[in-house]
Participant: 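Pasting a structure here, questions to come.
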Amino acid sequence: MVEQTNKIISSNDVHLFYGRNEALKGITMDFNESEITALIGPSGCGKSTFLRTLNRMNDLIPNVTITGTVKLHQQNIYAPDTDTVALRKEIGMVFQQPNPFPFSIYENVVYGLRLAGIRDRRQLDEAVETSLQQAAIWDEVKDKLHESALSLSGGQQQRVCIARVLAVKPDVILLDEPTSALDPISSGQIENMLLELKDQYTIILVTHNMQQASRISDKTAFFLQGHLIEYADTKTIFLNPQQKETEDYITGRFG
Amino acid sequence: MHDQIKESLLKKSRATRSERRGKLISLFCTAIIILVVVSIFYFVASKGLATFFSNKVNVWDFLSKTVWNPGSTDSHGNPQAGAFPMIIGSFAVTLLSAIIATPFAIATAIFMTEISPTKGYKILQPVTELLVGIPSVVYGFIGLSVVVPFVRHTFGGTGFGILAGTFVLFVMILPTVTSMSVDALRAVPRYYREASLALGATRWQTIYKVVLRSATPGLATAVIFGMSRAFGEALAVQMVIGNAALLPHNLVSPASTLTSVLTMGMGNTVMGSVSNNALWSLALLLLLMSLIFNLIINRIAKKGEL
């Protein structure tokens with residue numbers, strides 16, 4: 001079987017320091033278009049930090065230094081002339097805690113479009129419907145689009161947050177443990193949705209839940225103490241890991 | 001053996017007893033505070049209402065008539081207790097100073113929380129605290145020696161009046177409104193900002209579309225709190241407003257506020273006289289207004305919770 005894959009993001013020797021503390025110790029990895037890549041590893045291993053280097057969210061934290069390159073479509077996003085605002089429109093992000101704005105569901109979804117200066121009511125309405133449908137929550141909220149997003153359940157809020165990202169039509173979606181604050185049913189809904197979205201978006205997912213990684217991802221990367229230990233097809237990682245550390249972690253013998 | 005356990009379970013433990021004692025003490029203190037508040041209200045109300053019940057001043061006349069001379073009577077034999085000029089004066093200085101202070105306070109708060117949260121905050125935080133701590137007589141004194149001449153030279157008139165009062169109150173409420181606005185902005189969760197930036201918003205877009213919008217109830221509370229402070233401020237205003245119980249025709253003619261008439265008059269009237277009762281009516285009005293300000297703040301706080 002010949003798989004046609006395109007590198008969309010490639011990082012090369014990325015080091016990240018919080019002050020003097022080195023949190024990422026040279027990460028080199030490529031992400032393929034239209035695939036789900038899962039980043040797994042114990043807490044503090046650097047997987048979330050690495051995820052946040054991909055849309056330069058770490059810039060917001062004082063005292064962070066980053067070396068190496070991260071290329072999106074062959075462009076180094078750490079080049080000095082990078083427009084982070086434009087970058088973040090191409091690489092959307094969903095956070096661990098559902099974080100809808102304290103506005104209506106509608107206003108949450110169109111937020112990114114309003115930033116882009118879109119005023120046309122029909123265009124906004126359409127975007128709201130499409131994004132909420134893609135996020136598999138349209139049927140639940142279509143009658144209360146103008147109610148506060150905070151009145152929804154955690155799982156619904158998280159899907160609204162995903163719809164909010166989809167509305168901007170990014171190329172890549174980063175998800176930082178998107179289901180760790182949710183119950184299994186909501187998590188399952190979000191997993192199914194991610195599988196649906198896979199064809200149109202490149203999805204990079206940080207997760208603590210190894211079943212989740214094995215269920216939905218095409219590729220899995222195992223991080224440990226700031227190193228990328230192993231990165232391969234999900235099947236290989238889970239059934240036939242090449243590194244002892246990976247095996248220990250996956251079988252629960254970690255420690 | 002069993003009896004021992006039973007006995008120890010039935011007996012009140014030391015922890016239970018000390019908890020009871022703590023509850024009693026705090027209940028007692030709370031009761032005293034409530035008693036004090038209630039008796040203040042009762043006292044002010046009984047004195048203040050006497051103007052209307054014993055001295056037969058019409059409530060509507062009190063609120064709308066413009067002649068304040070409660071010691072003498074008008075042609076109908078009723079005391080001339082028209083508080084309208086003071087009501088206008090109080091509201092004018094309060095609203096004007098709040099209107100001027102709000103943009104400055106919110107801009108400063110944005111600077112302290114969003115633009116320079118480390119250095120700017122470290123410098124401005126003690127400055128605002130210091131400004132809150134300056135006694136009002138000092139503000140009044142500065143107002144008298146700096147603001148009043150400035151107004152006189154720039155806008156004409158004697159310099160005493162609503163404009164001078166507004167300027168002094170602006171400086172006085174600015175730190176209060178600023179520090180409360182800072183609290184309101186800091187209470188906006190970090191993840192709202194992150195979510196906004198991650199969607200490709202600029203910092204400024206994030207500030208005015210998300211941070212200010214989420215903090216609106218808190219900011220409104222800050223402004224109303226400032227207004228309530230301005231409304232109740234007596235000494236500093238009294239020193240610069242000119243203290244003429246007349247309806248002001250412009251911002252630079254001498255005027256008066258509810259508080260300034262109170263501080264001017266309270267030493268010069270005899271308990272139980274009409275003039276004294278009339279002052280109590282003004283005090284009652286002030287008390288009611290601060291109650292209203294508090295109710296508004298509560299209302300906003302409840303709305304903000306959602």
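Just the heavy atoms: all of them, side chains too, but no hydrogens, waters or symmetry mates, feed the values below. All chains are named by letter (A, B, ...) in the order of the sequence lines, taking the proteins before the strands, and each is independently numbered beginning at 1. What you are looking at is a predicted structure, and each value in this text was computed from that prediction instead of being measured.
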Participant: Go through the atoms of A/Phe101 and report whether side chain, backbone, both or neither lie under 4.5 Å from a heavy atom of chain B.
Facilitator: both
Participant: Sequence neighbours excluded, which residues qualify as side-chain hydrogen bond (donor to acceptor under 3.5 Å, both in side chains) partners of A/Ser131?
Facilitator: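 Expected list: none.
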Participant: Where on A/Leu115 is there a heavy atom nearer than 4.5 Å to chain B: the side chain, the backbone, both, or neither?
Facilitator: both
Participant: So for A/Leu87, is it side chain, backbone, both, or neither that comes closer than 4.5 Å to the heavy atoms of chain B?
Facilitator: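 Neither part.
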Participant: Does CD in B/Glu19 sit with more than 12 non-hydrogen atoms of other residues, nucleotides or ligands closer than 6.0 Å?
Facilitator: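 No, CD of B/Glu19 has 12 or fewer neighbouring heavy atoms, counting only those of other groups under 6.0 Å.
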Participant: I need the contact set between residues 187-214 of chain B and chain A: heavy-atom distance under 4.5 Å, sorted by residue number.
Facilitator: B/Arg190, B/Tyr191, B/Tyr192, B/Glu194, B/Ala195, B/Ser196, B/Leu197, B/Ala198, B/Leu199, B/Gly200, B/Ala201, B/Thr202, B/Gln205, B/Thr206, B/Lys209, B/Val210, B/Arg213, B/Ser214
Participant: Please look at A/Glu107 and chain B and tell me whether the side chain, the backbone, both or neither of the residue comes under 4.5 angstrom of a heavy atom of that chain.
Facilitator: side chain
Participant: For A/Phe17, does the CZ atom have more than 12 heavy-atom neighbours from other residues, nucleotides or ligands under 6.0 Å away?
Facilitator: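 Yes.
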Participant: Can you sort out the partners of A/Lys144 under salt bridge (charged side-chain N to carboxylate O under 4.0 Å, His left out), two or more places apart, ordered by chain and number?
Facilitator: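 So A/Lys144 forms no salt bridge (charged side-chain N to carboxylate O under 4.0 Å, His left out) with any residue.
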Participant: Identify each donor-acceptor pair in which a side-chain atom of residues 167-175 of chain A lies under 3.5 Å from a protein atom, sequence neighbours left out, and give them as a table.
Facilitator:
unit_1	atom_1	unit_2	atom_2	d
A/Asp171	OD2	A/His73	NE2	3.0

Participant: How about A/Gln133: does its CD atom have over 12 heavy atoms from other parts shown lying under 6.0 Å from it?
Facilitator: yes
Participant: Under a 4.5 Å heavy-atom cut-off, does chain B meet the side chain of A/Arg56, its backbone, both or neither?
Facilitator: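 Answer is neither: A/Arg56 stays 4.5 Å or more from chain B.
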Participant: Between chain B and each of A/Cys161, A/Pro62, A/Gly112, A/Pro102, count heavy-atom pairs under 4.5 Å; write down the option with the most.
Facilitator: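 Heavy-atom pair counts peak at A/Pro102.
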Participant: Do other residues, nucleotides or ligands put more than 12 heavy atoms under 6.0 Å from the CD atom of A/Gln200?
Facilitator: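 It does: A/Gln200 CD has more than 12 such atoms within range.
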